[in-house]
Structures are given as structure tokens and as C-alpha cells.
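Atoms considered below: every heavy atom in the structure, side chains included; atoms not considered: hydrogens, waters and symmetry mates. On a predicted model such as this, the values are computed, not experimentally measured, just so you know.
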2 protein chains.
Amino acid sequence: MIRVVLFEDNKNLRESLSMYLASSDSIWLAGSFSDARNALWAMKTHHPDVVLMDIQMPHITGIEAMIDIKKVYPNIKVLIQTVYEDEDHIFKAICAGANGYVVKNPNPEVYIQAIEEVHAGGSHLSPNIAAKVLAMFQSQYVRIQPTFIELTQREKEVLGCMVKGMSYKMIADACDIKFSTVHSHIKNIYEKLHVNSAPEAVVKALEMRLI
Amino acid sequence: MIRVVLFEDNKNLRESLSMYLASSDSIWLAGSFSDARNALWAMKTHHPDVVLMDIQMPHITGIEAMIDIKKVYPNIKVLIQTVYEDEDHIFKAICAGANGYVVKNPNPEVYIQAIEEVHAGGSHLSPNIAAKVLAMFQSQYVRIQPTFIELTQREKEVLGCMVKGMSYKMIADACDIKFSTVHSHIKNIYEKLHVNSAPEAVVKALEMRLI
DNA sequence: CAAAAAATCCCCAATATTGGGGAGAAAAAA
DNA sequence: TTTTTTCTCCCCAATATTGGGGATTTTTTG
């Protein structure tokens with residue numbers, strides 16, 4: 001049986017969810033709490049396999065509690081359950097190491113399924129959350145190149161150096177060309193990118209994934 | 001009913017899956033094909049809501065077919081179903097706009113669930129896939145967090161301006177402070193970020209998502 | 001409330017960058 | 001092969017940035 005600990009500040013929800021989880025024969029509800037300040041103590045006492053964690057709670061947020069838990073017990077799986085569906089919360093939860101993200105749902109079956117999946121080493125994301133994660137993922141990698149700009153090999157090289165924060169002198173050294181040549185290349189780069197300063201060029205280069 | 005078209009080169013699998021989908025009362029299987037070269041024609045003829053697409057197929061991969069489909073029919077949802085669980089395939093599929101990724105599974109119920117979720121505008125990821133996506137996501141953002149750097153509100157504002165490529169003078173104007181103040185802030189920013197030039201600061205800011 | 005931190009401003013001087021020209025060799029394209 | 005692009009280099013002068021000192025006033029915090 002999967003040992004589960006629940007954190008949820010809303011009394012009604014906590015009690016109904018507890019009752020439901022306790023009635024499942026694959027889950028052993030080891031404890032349920034309204035406050036995550038005692039999270040580490042709860043872990044130590046109940047050593048759960050999976051923690052079902054609300055985000056919005058008084059005193060300390062579920063994400064903060066999860067960070068604490070993961071620091072001490074990296075093997076405990078944490079399943080976030082919340083009403084928040086905005087990118088910011090999703091992002092923070094994922095970065096903090098959440099093993100799943102379930103949107104609060106009147107249908108309690110999904111909790112069981114999510115807990116089982118997470119316990120088995122997978123992750124569970126509610127469909128809307130999954131869609132947002134995929135969208136975030138895509139926007140990171142799918143380049144948008146409305147204006148296709150061609151930089152020569154040398155120009156890319158120089159731009160690459162600029163991104164690394166190198167000065168003209170350092171670039172000249174690194175590329176084994178004269179200072180004045182670097183100057184020329186950068187003039188051309190600025191012309192092509194329609195910018196007129198190094199920071200702008202760097203931002204544009206990163207945005208367009210030119211380098 | 002959800003109109004579905006299936007692409008799967010394995011005859012046995014295609015037929016058993018077809019039969020299963022056809023027996024569902026929420027799904028209308030509009031067609032099933034062993035070859036994705038006719039994908040666009042299939043879309044035009046059967047105008048499905050959801051396409052269930054294998055990756056590994058002769059002549060043209062499911063991902064390539066999906067790219068073609070998405071180009072012409074961006075509203076058609078594509079659900080990838082495959083045996084591949086490696087990061088490379090997952091990554092490519094997501095970047096190409098997949099709405100879901102189901103690992104081939106002897107239990108056909110998950111297909112129905114995935115199709116319904118995708119059709120409703122969400123995404124469906126098999127637990128192992130979701131775990132890998134979350135891991136990829138984390139590794140992108142969490143890596144450069146060991147040094148937690150705190151910038152003040154003003155400093156973030158100034159840094160934000162620098163990222164936009166503004167000069168000291170422009171920043172002074174935009175933030176309604178004196179040139180010398182901008183200078184001071186930037187000196188502090190450089191100190192905090194351990195850099196000594198604008199391009200470096202900009203790169204670091206973007207990397208650390210400080211702004 | 002007192003201390004610390006943040007935000008605001010100033011001076012000066014060294015260095016770096018940018019923009020304007022121009023020009024010759026090497027490589028790639030027509 | 002001729003033409004064009006790329007890569008290379010130089011000069012000069014204007015402007016911008018950086019680093020080193022400060023100092024004052026708000027806010028925040030202990």
C-alpha cells in the first residue's frame with residue numbers, strides 16, 4: 001500500500017479527501033494536516049511515499065514546504081493539488097521538483113490515479129496543466145524567425161564572443177584577428193540586426209537563436 | 001462524437017486498436033492508415049478532431065506528418081502514440097506541436113482517455129513521459145540557481161532596460177532618475193552579478209531569469 | 001527608535017565603444 | 001573568369017561606459 005500524507009488547509013476538502021483516500025485499498029493515508037509548517041516533522045513521523053500538497057496555505061506555501069521536504073527526503077514524491085492553473089505557479093512547482101500537478105477536481109478518482117502513477121516513478125499532470133507545460137516548452141525552443149537574418153561564419157563567431165561578455169580586445173585575441181577587424185565585424189552585425197549596442201545585439205542573438 | 005483518424009503501420013496493432021476505438025461510443029473512427037504519406041489527403045477527406053499518430057512508420061515519420069498536418073490544419077489535435085520513451089523523440093514531438101504523447105500500452109482505455117482529454121483542449125502525457133518532460137524542464141531552469149542573487153526592485157528595473165538595449169541616458173529617462181543614479185545602480189548590479197560589462201550582465205540576467 | 005539597506009545624486013579620469021570614412025586580399029558565386 | 005561577398009586591416013573623432021572615490025535622503029528592518 002502507498003503511504004500518503006495530505007496537506008490541505010480547507011477543512012471540508014481535507015476531510016472529504018481524507019475519507020476518500022482512506023477508503024481506497026491501494027492507499028494508506030498516514031496523516032492529514034492543515035498547516036505545512038510541521039511538514040518535516042510529519043515526514044519524519046509518517047515517512048510517506050507520496051505527499052499530496054496544496055499550494056495555498058496559511059503561514060507557508062505548499063511549494064516552500066515541498067522544497068524543504070525534497071531537501072531532506074528527495075525520494076518522497078510530492079503531488080501538487082491546487083486551484084491555480086497559471087504559468088507562474090506551474091513553473092515554480094516544477095522547478096521546485098514537483099512530481100505531479102493535479103488541478104482540484106470534484107472527481108476524487110483522479111487523485112488515486114495520480115498517486116499511483118507518481119508512486120510508480122512517473123508524473124501526473126492534469127490535462128490543462130500538461131497543455132500549459134507543453135506550450136511553455138515549445139515557446140522555449142521553437143524559434144520564431146520572422147525576419148531571416150544571415151550572418152557570416154565570422155560574424156556568428158564574434159557575436160558568440162559578445163554573448164560570452166567579451167570585449168573587443170578579448171574577441172580579437174580569441175579569434176586571432178586584429179582589434180580593428182573585430183570592430184568591422186561588429187559594425188556589420190549591428191547593421192544586419194538593426195541594433196546599435198552590444199546588449200541589444202546580444203539579446204537579439206539569444207532571441208533569434210542565431211548563435 | 002470525436003472524429004479520430006489513426007496512423008499505425010503495424011497491421012495487428014492497427015486493427016486491434018481500430019476495433020477498440022470503433023467500439024467506444026464517444027469516438028467515431030473516421031479512418032485508419034498504415035502510411036502517413038497520405039496524411040494531408042486523409043485530413044481533407046475525414047476532417048478529424050484528433051489524429052492518433054505512430055512515430056515509427058515507413059517512408060515518413062509520424063512527427064514529419066504531424067508537422068505537415070499542423071501547418072495546414074492547426075486545429076487538429078495530434079496525439080503521438082509510440083514505443084519511444086527517449087528524450088530526443090519526446091523533445092522533437094513537443095517542439096513540433098504534439099498535443100499529447102502516449103506510450104504504447106496494452107491497456108487500450110488510456111487511448112480513449114487521452115483522446116478525450118486532448119479533444120477537450122488539454123494535453124495527455126503518459127506518466128513516464130510526463131516525468132521526463134518535467135525533468136527536462138527543471139534541468140533547463142534549475143541549473144543556474146545555486147547562487148541565489150537578490151536584486152532590488154530598482155536594480156531589476158534598470159537591468160530590464162539594459163536587456164531592452166537602452167543606454168544609460170535612455171534608462172535615466174525611462175526610470176525618471178538622473179544619469180548618475182543609473183550609473184550607481186549598474187555598478188551595484190555588476191558587483192552583484194560578478195560581471196563587468198553590459199552584455200555579460202544581460203546574458204546572466206536572461207540565464208537566471210532575474211528579469 | 002536606531003541601524004541597515006536602498007535609492008538618489010555628484011565628481012573625475014581611464015578605458016571602451018561606436019560611427020564615419022577607406023582599402024587590399026581571399027573566397028565564393030555568377 | 002569576372003563579379004561580388006567576405007574577411008582583413010587602418011585612421012580619426014565623438015560618445016558611452018566603467019571604476020574609483022564620495023554624500024544625502026528615504027525606506028526597511030531589527
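Side-chain N/O atoms of A/Ser184 and base N/O atoms of D/dC9 include a donor-acceptor pair closer than 3.5 Å.
The side chain to side chain contact (heavy atoms under 4.5 Å, CB included) search around B/Asn196 returns B/Glu200, not counting sequence neighbours. A/Ser184 is linked by a side chain to side chain contact (heavy atoms under 4.5 Å, CB included) to nothing, counting only residues two or more places apart in sequence or in another chain. Applying the side chain to side chain contact (heavy atoms under 4.5 Å, CB included) test to A/Glu87 and every residue at least two apart in sequence or in another chain returns A/Lys132, A/Met136. Under the ring-ring contact (aromatic ring centres under 6.0 Å, His included) criterion, A/Tyr111 pairs with no residue at all, not counting sequence neighbours.
Listed in residue order, the members of residues 169-176 of chain A having a heavy atom less than 4.0 Å from DNA chain C are A/Lys169.
The ring pair (Phe, Tyr, Trp, His ring centres under 6.0 Å) analysis of residues 26-57 of chain A, with sequence neighbours excluded, yields the pairs A/Phe7-A/Phe33, A/Phe33-A/His46. Counting only residues at least two apart or on different chains, the ring pair (Phe, Tyr, Trp, His ring centres under 6.0 Å) pairs with a member in residues 166-185 of chain B are B/Tyr168-B/Phe179. Sorted by first then second residue, the side chain to side chain donor-acceptor pair (under 3.5 Å) pairs that include residues 169-180 of chain B, not counting sequence neighbours, number zero. Legend: side chain to side chain donor-acceptor pair (under 3.5 Å) pairs involving residues 97-106 of chain A, not counting sequence neighbours, sorted by first then second residue: A/Glu8-A/Lys104, A/Asp54-A/Lys104, A/Lys70-A/Asn99. For the ring pair (Phe, Tyr, Trp, His ring centres under 6.0 Å) condition, the pairs that include at least one residue of residues 51-87 of chain B, sequence neighbours left out, are B/Tyr84-B/His89.
Nucleotides of DNA chain C with any atom under 4.0 Å from a heavy atom of chain B span, from 5' to 3', C/dA6 to C/dC10.
Summary of helix geometry: the two end axes of the helix from C/dC1-D/dG30 to C/dA30-D/dT1, each defined by five base pairs via their C1' atoms, are inclined to each other by 70° (rounded to 10°).
Distance A/Ile186 CD1 to D/dC7 P: 14 Å, rounded to the nearest Å.
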